Amino acid sequence: MGDTPDHQGHRARLRSRLLEDADGLADYELVEYLLALAVPRRDTKPLAKALLREFGSLAQLVSADPESLRRIDGLGDTGIAALKIVQAASLRLLKGEFRDKPLLSSWDALLDWLRADMGPIDVERVRVLYLNSRNMLIRDELASEGSIDQSAIYVREIIKRALELGASAIILVHNHPSGSPEPSRQDIAITKDIAGAAAKLGIALHDHIIIGGADYRSFRAMGLL
C-alpha cells in the first residue's frame with residue numbers, strides 16, 4: 001500500500017514521540033518506524049506486529065539470522081538490513097564500554113555485551129576471549145558451534161590459538177539456547193580439560209561464562225575454577 005496523508009501524519013507523530021520520549025514507544029512502534037525508514041511507501045505497522053509475534057521480542061527479532069527473517073512475508077532485504085543495523089550498533093556500543101579496558105575491571109559491561117549478543121540465539125556456540133598480560137581483549141573468536149560435549153576436540157586448537165596470539169589468559173563463553181544457564185557435566189568436564197591444558201603453558205583460564213537468555217553463570221563465582 002502506498003503512502004497516504006494519513007500514513008504520513010502517523011509517521012510524523014511517531015517521529016515526534018521518538019524525539020521527545022523514546023521510552024514511551026512500544027516495541028512494535030519502534031520496529032514500525034524503523035521499517036518505515038527502510039520501506040517509506042508502505043504501512044509498516046502490520047508487518048512490525050507480525051515480526052514481534054513471530055520472534056517473541058525486540059531482542060530476538062534483531063538477533064534473528066537473515067534467512068529466518070526472509071521467511072516472513074513482506075520483509076525484504078532492505079528491511080532486514082535495517083534490523084541488523086540496530087543489532088550491530090547496539091553490540092558495538094556495548095563492546096565500546098570495555099574494548100580498551102582490562103576486562104576484569106569491566107566485568108558488568110562484558111556481561112551486558114555477551115547477554116545481548118548470545119542470549120537470543122537458538123544454536124549453541126562456544127567462544128573464546130583471548131587476553132593479553134594486562135587482561136585486555138586481543139581477539140574474540142568462535143571456537144565451535146553445536147553441543148559443547150562435541151567440542152572437546154577443540155581443546156588443542158584453543159590452546160594453539162592462544163599461543164599464536166601471545167595470549168596470557170582466556171575466557172570461555174557459551175550459550176544455552178534452552179534459556180537455563182546452569183552448567184552440565186559436559187560443561188564442567190571440558191572446562192577442566194581446557195584449564196589443565198592452558199595451565200601447563202602458563203595461560204590462565206579466568207572464567208567460563210554460560211549465557212542462558214538474560215541470565216548467566218560464572219564458573220569462577222560458582223567455585224568451579
Side-chain angles (χ1 to χ4, degrees), residues 63 65 87-88 90-225:
S63 301
D65 64 87
Q87 182 193 26
S90 299
L91 292 175
R92 193 160 298 186
L93 287 170
L94 289 170
K95 196 171 186 177
E97 293 296 313
F98 62 83
R99 184 193 302 273
D100 300 318
K101 303 173 185 175
L103 284 191
L104 300 187
S105 65
S106 309
W107 201 247
D108 288 344
L110 173 66
L111 290 172
D112 286 344
W113 171 63
L114 291 172
R115 283 181 293 198
D117 192 19
M118 299 187 74
I121 61 178
D122 58 5
V123 61
E124 192 163 355
R125 292 175 180 164
V126 179
R127 290 163 63 173
V128 184
L129 309 183
Y130 296 95
L131 314 180
N132 64 18
S133 59
R134 293 185 293 160
N135 288 318
M136 297 176 70
L137 184 64
I138 301 173
R139 196 72 59 89
D140 162 29
E141 294 186 348
L142 180 67
S144 68
E145 187 168 278
S147 178
I148 194 170
D149 62 351
Q150 299 171 353
S151 68
I153 59 172
Y154 291 93
V155 172
R156 182 163 42 184
E157 291 302 315
I158 289 171
I159 302 305
K160 177 183 176 183
R161 186 60 173 149
L163 293 172
E164 289 173 349
L165 294 169
S168 297
I170 57 178
I171 296 173
L172 298 177
V173 186
H174 87 279
N175 65 305
H176 282 177
S178 67
S180 170
E182 298 300 330
S184 67
R185 284 194 296 268
Q186 290 91 346
D187 297 336
I188 294 169
I190 193 66
T191 303
K192 289 181 178 178
D193 288 346
I194 293 174
K200 291 177 183 177
L201 296 170
I203 300 168
L205 175 58
H206 281 328
D207 209 341
H208 182 172
I209 300 168
I210 301 177
I211 305 295
D215 203 358
Y216 78 97
R217 292 292 182 272
S218 159
F219 274 50
R220 180 72 62 186
M222 296 175 72
L224 297 174
L225 273 178

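Index from 1, following the sequence. Note that this is a predicted model, so its numbers are computed, not measured.
- Atom-to-atom distance recorded for Glu164:CD and Arg139:CZ is 10.0 Å, nearest 0.5 angstrom.
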Derivation and outcome, side chain to side chain contact (heavy atoms under 4.5 Å, CB included), residues Ile170 and His206: CA-CA 6 Å; Ile170 57 178; His206 281 328; over 6 Å; no
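- A distance of 10.0 Å separates CD1 of Ile210 from CG of Asn175, quoted to the nearest 0.5 Å.
- Between Arg161 and Val128 the shortest side-chain heavy-atom distance does not fall below 4.5 Å.
- For the pair Leu114/Tyr216, no side-chain contact is recorded, criterion being any heavy-atom separation below 4.5 Å from C-beta on.
- Residue pairs that meet the ring pair (Phe, Tyr, Trp, His ring centres under 6.0 Å) test with at least one member in residues 110-145, sequence neighbours left out, are Phe98-Trp113.
- When every heavy atom of Pro181 is checked against every heavy atom of Gly212, the shortest pair comes out as CB-N, 3.9 Å.
- Here the side chains of His176 and Glu124 are in contact, with some heavy-atom distance below 4.5 Å.
- In this model, no donor atom of one side chain and acceptor atom of the other lie less than 3.5 Å apart for Ser180 and Glu182.
- The shortest distance between side-chain heavy atoms of His208 and Ile171 does not fall below 4.5 Å.
- Annotation: Arg134, atom CZ; neighbour count of heavy atoms from other residues, nucleotides and ligands within 6.0 Å does not exceed 12.
- The shortest non-hydrogen separation linking Ser63 to Ala116 is OG-O, 4.2 Å.
- Note that CG of Asn132 is 11.0 Å distant from CG of Leu165, once rounded to the nearest 0.5 Å.
- Contact annotation: the side chain of Leu172 never approaches that of Ile209 to less than 4.5 Å [non-hydrogen atoms, C-beta and beyond].
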Show every donor-acceptor pair shorter than 3.5 Å between a side-chain atom in residues 194-203 and any protein atom, with sequence neighbours excluded, or say none if there are none.
none

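- The distance from the CG atom of Leu93 to the CG atom of Asp112 is 12.5 Å, given to the nearest 0.5 Å.
- Two residues are said to be in side-chain contact when any heavy atoms from C-beta on lie closer than 4.5 Å; Gln186 and Ile190 fail this criterion.
- Between the Asp140 side chain and the Leu129 main chain, no donor and acceptor come within less than 3.5 Å of each other.
- Judged by distance alone, the side chain of Asp207 and the main-chain N or O of Arg220 form a donor-acceptor pair under 3.5 Å.
- Considering CG of Leu225 and CD1 of Ile188, their distance stands at 10.0 Å, rounded to 0.5 Å.
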